[in-house]
2 protein chains.
Amino acid sequence: MKAEDKKSKRKEDVKKTILNAAKKLFVEEGYQSASIRKIAAEIGVSPTTIYLYYKDKSDIAYALHQEGFLVLKTLFSSLVSVEDPFERLKAIGRTYIRFALESPDFYELMFIMKDPMDHLDADSGEECWEEGKQVFEFLVFTIEECQQKGYFVGSDVSSTALQAWATVHGLCSLFISTHLQKVGEECLSQEDTELLLETAFKTYVHFLEQTKNNHK
Amino acid sequence: MKAEDKKSKRKEDVKKTILNAAKKLFVEEGYQSASIRKIAAEIGVSPTTIYLYYKDKSDIAYALHQEGFLVLKTLFSSLVSVEDPFERLKAIGRTYIRFALESPDFYELMFIMKDPMDHLDADSGEECWEEGKQVFEFLVFTIEECQQKGYFVGSDVSSTALQAWATVHGLCSLFISTHLQKVGEECLSQEDTELLLETAFKTYVHFLEQTKNNHK
DNA sequence: ATCAAAAAATTAACACTGTTAATATTTTTA
DNA sequence: TAAAAATATTAACAGTGTTAATTTTTTGAT
């Protein structure tokens, strides 16, 4: 038993070594360029060794995706102390956007790419998107509390949460895909696209504020 | 002169033949799988011939991206007849979403992938994203008219337009990347993710309606 | 300590990918 | 008809993910 534990622990260590090498190459040159062969060379093993620990490349992508969610969840966890739910909702949005701008590669892996998602329905282990579920439920919970304070009255909580997520994700995703930059340069004569993004977010928050039931 | 015209016209014909083959393979098996070699085989030429007409694969991607915008612009053009600007705004959103759901591959090429966008700053010809600019300006124009009718008072038009775009794009993008499906199954116990998307859109529209200045 | 069994890692290979240089073919022009 | 220009091809480079077969290493029992 003890021996088996040690064995599986060593196996986990190797998995982590591979993942760290993968992460290094991933943040340096992007997902596509972080090839199995490069990862193997980084830690001094043959390419096929990788397959002894990870099913395929999307398996590694999913593991990195999970690491990204660990970071995002940590960032969010410090927001539970924000008592006012609407302030918390705004903070969630700002934190989400900051994360996307600071770690665009990770954001892409977590919320844009299909590859890590394919791993979910294909693989045996986990059947649901646990990471996403947790983050989304924090948003739902916050919106529920907002509703109790008079915001979003008469609106479905799930739909409101989904819509709020879509708005910030849309902004981040357009930023990362450089579509925002292209429109910013030409149509809005505004080079600072981060500012553009932030202003759009503030406009959205302003709209949300107007849903507040004030006649009471 | 006439001869040169004919020559360049023939060249355009070949370009179109290549593009049609590329489009066929693209809609059938996706962008990644639509390889240069397959495109060449489809029209019975050698792979290198493709490079005599298109600089690289992202050049083809951009051409398809442009074709997609031609369709989207046609869809939008029939909305200019909608006189009420807020009704038109809603119609723009619905049309955009329908397009994304009906042609997810094209949507990905037009609004998600970086590849066709890279073509813009790299290549010589066009320096700006003309397609995107036109569609965005239609949105800006409509929102300006909405503002004159009392909507979005005190909000920046550009920011409002960007935010509206981001919201529908976010929904479409989460749908296409299957993230919406994964959250829908687990958190919202709702399999019909198209309905989920539509409901979120309606919730957003409801929020927009609440920005209307009624005390007059 | 030795030797067989199990585990781990490796080499070689398959079937692809985008892309380019050098070469051959076809078409056009004089 | 011959030279020039345009067009297309073959061969090759440098990669990619992935698998089967083989070798090396480690482990556990005698």
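Below, read A as the first sequence line, B as the second, and so on, with proteins coming before strands; counting in each chain starts at 1.
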Would you please classify the geometry between the A/His65 ring and the A/Tyr62 ring as parallel, tilted or perpendicular, with 30° and 60° separating the classes? parallel
Cation-pi check for A/Tyr31 against A/Lys57: NZ or CZ below 6.0 Å from the six-membered ring centre and within 45 degrees of the axis, yes or no? yes
According to a strict under-4.0 Å criterion, is A/Tyr53 in side-chain N/O contact with OP1 or OP2 of C/dA8? no
At 4.0 Å (heavy atoms only), tell me whether A/Tyr54 reaches a base, stays on the sugar-phosphate, or touches nothing. nothing
What's the CG-P distance between A/Leu52 and D/dT23, to the nearest Å? 17 Å
Once you round it to whole Å, what is the distance between C1' of D/dT7 and CD1 of B/Ile18? 12 Å
Please list, in numerical order, the residues of residues 108-115 of chain A that have a heavy atom closer than 4.0 Å to any atom of DNA chain D. none
Quick check: do B/Thr178 and B/Gln181 have side-chain heavy atoms less than 4.5 Å from each other? yes
Classify the ring geometry of A/His179 against B/Phe111: parallel below 30°, tilted from 30° to 60°, perpendicular beyond 60°. tilted
So, is A/Ser46 close to the C/dT10 phosphate, meaning a side-chain N or O under 4.0 Å from OP1 or OP2? yes
Atom pairs and distances, side-chain donor-acceptor, residues 33-44 of chain A, under 3.5 Å, sequence neighbours left out:
| unit_1 | atom_1 | unit_2 | atom_2 | d |
| --- | --- | --- | --- | --- |
| A/Ser33 | OG | A/Glu29 | OE1 | 3.1 |
| A/Ser33 | OG | A/Lys38 | NZ | 3.0 |
| A/Ser35 | OG | A/Lys38 | N | 3.2 |
| A/Lys38 | NZ | A/Glu29 | OE1 | 3.4 |
| A/Lys38 | NZ | A/Ser33 | O | 3.1 |
| A/Glu42 | OE2 | A/Lys24 | NZ | 2.8 |

Looking at side-chain heavy atoms only, is the closest gap between B/Lys23 and B/Phe106 below 4.5 Å? yes
Reading nucleotides 16-25 of chain C from 5' to 3' and marking B where a protein heavy atom lies under 4.0 Å of the base, S where only the sugar-phosphate is that close, and - otherwise, the string is -BBBBB----
If I take atom CD1 in residue A/Ile50 and atom P in nucleotide D/dG17, what distance separates them, rounded to the nearest angstrom? 10 Å
Do A/Phe138 and A/Lys73 touch side chain to side chain, with heavy atoms closer than 4.5 Å? no
Side-chain contact test, heavy atoms from C-beta onward, threshold under 4.5 Å: evaluate it for B/Val140 versus B/Ile143 and give yes or no. no
